[in-house]
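One structure below.
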Amino acid sequence: MTEVLDIIMAVKPVLGALLCLVGGILAIIGTVGVLRFPDFYTRLHAASITDTSAATLTILGMVLLAPSWLIVFKLAAIWLFLFLSGPTGSHALANAAHTAGLQPVIGRLRGRVDSSGEEPS
Amino acid sequence: MGYFIGLIVVLGALWLGLSGIYTPLLLILATISILLCLILAARLETVDREGAPYARAPQIIRYWCWLIVEIFKANWPVIKACVSANRDINPALVKVKTQCESDLAKTIFANSITLTPGTVTIEVEGNKLLVHALYEEDATPESFAEMDERSRRSVDRRATDGNEQVSA
Amino acid sequence: MIGAAAIALIVAIALMMIRALSGPTLYDRVLAMNSLGTKIVLFIGVLGFVLGRPDFLDVSVLYALINFVSTIAILKFFRYRSFQVPLMRRTPARRPAEGGEGD
């Protein structure tokens, strides 16, 4: 029984660091998407990768590294708040852009590799 | 009154979890700050079914567990679209009708759509939602039907029960 | 390996800064700053574990709160050009119903 516990204790920090690393890589992927997508509304989708899966995986990794329950509670509070505020902020952004009259790009974009910084008219 | 008790429990748990130092002085300060929060919340008139939705916590937690699985499933196409060489995306605006009646259920449904990568709620008007989707073929009205039904079940049906208990 | 995670987050922050500086519209910049804030929250937490001081998480909690409020404040300002406008106007019909519910 104690051997099993020892193995779990030995694996836990490595797994936690690995999850943090995967979260960081997902954050980079989301950022690359934000840089490459053609207009504001599609960039919003790429940014939501960071808000959801990257945050979840990084915080899960930190939970596995956490030395005490207090830290776990703080991480849970951060996670809950990110999950409540993320979509609210995204919706506020999308709604503000829509109200201001920013038109989304509609239709298939395959192969059309124009400059990603172009403003949609 | 039940909403105030729920708020006190949640605020107390938050303070105890974030502080970590339990000396009498700090506990007294915590009590004062919680009372201050309650007074401010009462003055803002936010302590109602939407401000303190703790009565239906089991249903909402069950809904969240389902939602997290859905979010992770929906992440794959967006990640692929981000890193693929040719940006193979097909953005579209879709109108979605919801069956949710209360504002809280509508908020949860709209936020779930926004939280799922690939779809963002742009506007809510009555029971119609304007959704921007990264892939038009994924954002059919049928794909939102299950989320709509689950968010309605997690809040609305229990909500009427809770109101009857409080008024009685 | 946890150091590599911190470096990955720094790279993501630096790349997102490009979008914040070059974003063609205002909303791109606000989106970049919001996303940047989420990454910084995660980075501060990871940095605490790299340095062996998880107390950094308190800073992280506070940053998450301020990030959300600042995003909403910027959007509100650029929509109304003023902070002195009520964000939500309650319709008169709803007020008595809520009052009855609360009692």
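The model shown is predicted, which means the values in this text are computed figures rather than measured ones. What you see below is based on every heavy atom in this structure, not just the backbone, and it leaves out hydrogens, waters and symmetry mates.
A tilted orientation is assigned to the rings of Phe83(A) and Trp64(B), their planes being inclined by 30° to 60°.
Neither the backbone nor the side chain of Asp51(A) comes within contact range of chain B; no heavy atom of the residue lies under 4.5 Å from a heavy atom of that chain. Only the backbone of Thr119(B) has a heavy atom closer than 4.5 Å to any heavy atom of chain A. At a 4.5 Å heavy-atom cutoff, Ala110(B) makes no contact with chain A through either its backbone or its side chain. Contacts of Leu93(B) with chain A are made by both backbone and side-chain atoms, with heavy-atom separations under 4.5 Å. Contacts of Ile71(A) with chain B are absent, with no heavy-atom separation under 4.5 Å from either backbone or side chain. Neither the backbone nor the side chain of Thr31(A) has a heavy atom closer than 4.5 Å to any heavy atom of chain B.
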His98(A) vs Leu130(B), side-chain contact (heavy atoms from CB on, under 4.5 Å): CA-CA, chis, key distance, verdict: CA-CA 10 Å; His98(A) 186 72; Leu130(B) 189 62; 3.8 Å; yes

Evaluation steps, side-chain contact (heavy atoms from CB on, under 4.5 Å), between Ser48(A) and Val120(B): CA-CA 9 Å; Ser48(A) 70; Val120(B) 169; over 6 Å; no

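When all heavy atoms of Gly33(A) and Cys82(B) are compared, the closest pair comes out as CA-SG, 3.5 Å. Across every non-hydrogen atom of Ala81(B) and Phe37(A), the tightest pair is O-CE2, 3.8 Å. When every heavy atom of Ile122(B) is checked against every heavy atom of Ala94(A), the shortest pair comes out as CG2-O, 3.9 Å. When all heavy atoms are compared, the tightest approach of His91(A) to Val124(B) is CE1-CG2, 4.5 Å.
Counting only heavy atoms from C-beta outward, the side chains of Pro117(B) and Thr52(A) approach each other to under 4.5 Å.
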Pairs of donor and acceptor atoms involving the side chains of residues 6-22 of chain B, under 3.5 Å and at least two apart or interchain, shall be tabulated with distances.
residue, atom, partner, partner atom, Å
Ser19(B), OG, Ile21(B), N, 3.1
Ser19(B), OG, Ile21(B), O, 3.2
Tyr22(B), OH, Leu16(B), O, 2.7

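Taking OG1 from Thr114(B) and CG from Leu93(A), the interatomic distance works out to 11.0 Å, rounded to the nearest 0.5 Å. Between atom OG of residue Ser85(A) and atom CG of residue Asn111(B) there is a gap of 10.0 Å, rounded to the nearest 0.5 Å. In this structure, CG on Asn90(B) lies 12.0 Å from OG1 on Thr42(A), to the nearest 0.5 angstrom.
Put simply, of Ala76(A), Pro87(A), Ala47(A), Ala77(A), the one with the most heavy-atom pairs under 4.5 Å next to chain B is Pro87(A).
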